[in-house]
Visitor: 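This is the structure I want to talk about, given as structure tokens.
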Amino acid sequence: MNPLAQMREPITLEDYHASRWIIEPLHLLDCCLVSNGAVAVIVSPADRAKDMPQPPVYIHGMGQGHPGDSGRAGSEWETETGARIAAETAYRMAGVGPSDITCCQIYDCYTYTVLVTLEDYGFCKKGEGGPFVEDGKLGPGGSLPTNTGGGELSAYYMWGMTPLSEGIIQGRGHGGERQVKNDVILVTGNGGNLSYHACLILSPHPA
Amino acid sequence: MTQSTIPVPEPDEASRPFFDGAAEGRLMLMRCIDCQTWRLPARQHCDVCLSDRYRWEPASGRGRVRTFGIMHQRYHPAFQVPYNVTVVELEEGPRLPTNLVDVTNEAIYVGMPVEVVFERYDDVTLPRFRPARDL
């Protein structure tokens with residue numbers, strides 16, 4: 001659905017299970033792509049954005065969380081990431097909660113990254129990310145459309161700029177056949193070992 | 001002697017007591033003199049109290065598997081895939097990335113009790129772990 005995506009052939013669950021192991025339990029199709037490219041974003045005051053050629057997308061909230069504790073004794077860094085702290089800050093700033101989010105653009109270096117991130121953003125309880133997405137709610141026509149451009153797994157791996165670029169495309173209403181309800185868009189990005197995290201809450205509506 | 005073609009760490013000033021200990025069959029860890037917190041890997045300052053004072057102490061060599069992965073992608077020609085990369089949580093608390101030996105990959109599980117063994121390469125001895133034999 002994304003003309004810029006590197007991987008555009010539909011895959012089945014059988015294709016997934018048949019793809020070779022990279023580091024078990026991760027199959028090839030659990031891992032993001034290698035891409036060459038670039039993404040640029042213009043950030044400006046809201047009043048100046050009015051006259052720009054493209055419709056503006058407004059920043060309603062932002063957050064960061066950098067526990068930096070990967071590997072440290074006593075840390076649960078494998079499953080509890082910096083996203084929890086970032087979520088709290090951004091939700092408070094935007095005056096929204098998980099139930100207000102209409103679509104997500106989540107850093108998906110690996111498939112499981114999406115699950116732990118959804119948990120840390122309060123969409124479901126810790127450890128329940130798998131069952132939460134099982135009904136297909138993240139996919140086309142689902143109740144929580146996520147990584148609508150294909151994300152880092154299928155579209156292109158431009159680090160945090162992958163979710164950000166798709167957040168802006170959706171916020172502008174330029175998603176074409178993949179356009180989803182864009183009132184409140186969650187954009188997330190990770191650094192090393194999920195121990196470094198930042199997010200934005202975007203909307204086409206002025207803050 | 002195990003095959004010596006795999007890349008092995010080169011001890012430096014900070015890590016030499018760890019590798020010297022391994023050569024003598026002891027798992028040595030850095031420990032804060034001021035607040036007793038273990039430091040692994042070796043580093044100048046304590047995570048908890050920021051003290052730069054430390055001593056080296058032998059650990060028990062016992063622990064449990066905290067997490068592991070089975071490598072199927074060959075990143076270096078000397079490594080025979082599939083092999084395990086395992087993080088062992090030591091009894092003392094720190095976590096040591098290592099490999100399990102004397103066990104099939106299929107038999108490894110999170111929480112598995114393990115104990116240290118030492119494998120000698122040409123110039124360096126590395127700690128690895130095997131399933132614990134006396135519990």
Side-chain angles (χ1 to χ4, degrees), chain A residues 7 14-35 65-83 85 108-117 119-120 126-130 152-153 157 190-196, chain B residues 27 29-32 35-43 45-50 54 57 59-60 62-76 79-100 103-111:
Chain A
M7 308 297 274
E14 288 71 35
D15 295 331
Y16 166 78
H17 283 296
S19 71
R20 66 185 171 92
W21 292 119
I22 301 297
I23 297 172
E24 198 179 331
L26 298 178
H27 289 270
L28 178 69
L29 293 180
D30 286 302
C31 305
C32 66
L33 302 164
V34 177
S35 309
H66 312 298
D69 59 350
S70 54
R72 202 167 285 172
S75 151
E76 298 290 327
W77 66 277
E78 300 95 334
T79 51
E80 292 178 9
T81 76
I85 306 161
D108 57 340
C109 49
Y110 301 97
T111 44
Y112 84 94
T113 312
V114 176
L115 304 182
V116 295
T117 305
E119 292 168 2
D120 281 340
K126 188 47 71 182
E128 294 181 3
E152 295 163 341
L153 290 166
Y157 184 66
N190 289 313
N193 293 345
L194 313 186
S195 251
Y196 305 87
Chain B
L27 184 63
L29 298 182
M30 202 185 240
R31 191 171 197 182
C32 178
C35 78
Q36 310 304 316
T37 301
W38 298 93
R39 277 183 228 172
L40 178 70
R43 49 182 165 263
H45 289 93
C46 174
D47 282 358
V48 173
C49 76
L50 299 181
Y54 63 88
E57 282 189 28
S60 73
R62 288 186 297 270
R64 286 178 186 274
V65 172
R66 175 166 175 88
T67 187
F68 67 100
I70 307 299
M71 312 294 277
H72 290 260
Q73 177 86 27
R74 180 171 289 184
Y75 292 104
H76 188 283
F79 286 91
Q80 300 300 312
V81 293
Y83 62 96
N84 73 80
V85 172
T86 299
V87 175
V88 169
E89 183 161 292
L90 303 172
E91 253 179 7
E92 291 80 7
R95 296 162 185 179
L96 180 64
T98 181
N99 311 105
L100 296 196
V103 65
T104 61
N105 289 334
E106 293 73 24
I108 302 170
Y109 60 92
V110 170

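Chain letters run A, B, ... following the sequence lines, proteins first and then strands; every chain starts at 1. Everything quoted here is computed from the prediction, not taken from an experiment.
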Visitor: To the nearest 0.5 Å, what is the distance between CD1 on B:I70 and CD1 on A:I23?
Guide: 10.5 Å
Visitor: Please test B:L96 against B:L27 for side chain to side chain contact (heavy atoms under 4.5 Å, CB included), starting from the C-alpha separation and ending with a verdict.
Guide: CA-CA 11 Å; B:L96 180 64; B:L27 184 63; 4.3 Å; yes
Visitor: Heavy atoms only: give me the nearest B:P94-B:L29 pair and the separation to one decimal.
Guide: CG-CD1, 4.1 Å
Visitor: Do you know the tightest heavy-atom contact between A:I22 and A:C31?
Guide: CG1-SG, 4.2 Å
Visitor: With 3.5 Å as the limit, can you list every donor-acceptor pair between chain B and chain A, backbone and side chains included?
Guide:
residue: B:D47; atom: OD2; partner: A:R72; partner atom: NE; Å: 3.0
residue: B:R66; atom: NE; partner: A:E78; partner atom: OE2; Å: 2.9
residue: B:R66; atom: NH2; partner: A:S75; partner atom: O; Å: 3.2
residue: B:R66; atom: NH2; partner: A:E76; partner atom: OE1; Å: 3.4
residue: B:R66; atom: NH2; partner: A:E78; partner atom: OE1; Å: 2.8
residue: B:I70; atom: N; partner: A:E24; partner atom: O; Å: 3.0
residue: B:I70; atom: O; partner: A:E24; partner atom: N; Å: 2.7
residue: B:H72; atom: N; partner: A:I22; partner atom: O; Å: 2.9
residue: B:H72; atom: NE2; partner: A:E24; partner atom: OE1; Å: 2.7
residue: B:Q73; atom: N; partner: A:I22; partner atom: O; Å: 3.1
residue: B:Q73; atom: OE1; partner: A:R20; partner atom: NH1; Å: 3.0
residue: B:R95; atom: NH1; partner: A:R72; partner atom: O; Å: 3.2
residue: B:R95; atom: NH1; partner: A:S75; partner atom: O; Å: 2.7
residue: B:R95; atom: NH2; partner: A:S75; partner atom: O; Å: 2.9

Visitor: What pairs with A:A73 under side chain to side chain contact (heavy atoms under 4.5 Å, CB included), at least two apart in sequence or on another chain?
Guide: none
Visitor: Quick check: closest heavy atoms across B:C35 and B:C49, and the distance to 0.1 Å?
Guide: SG-SG, 3.8 Å
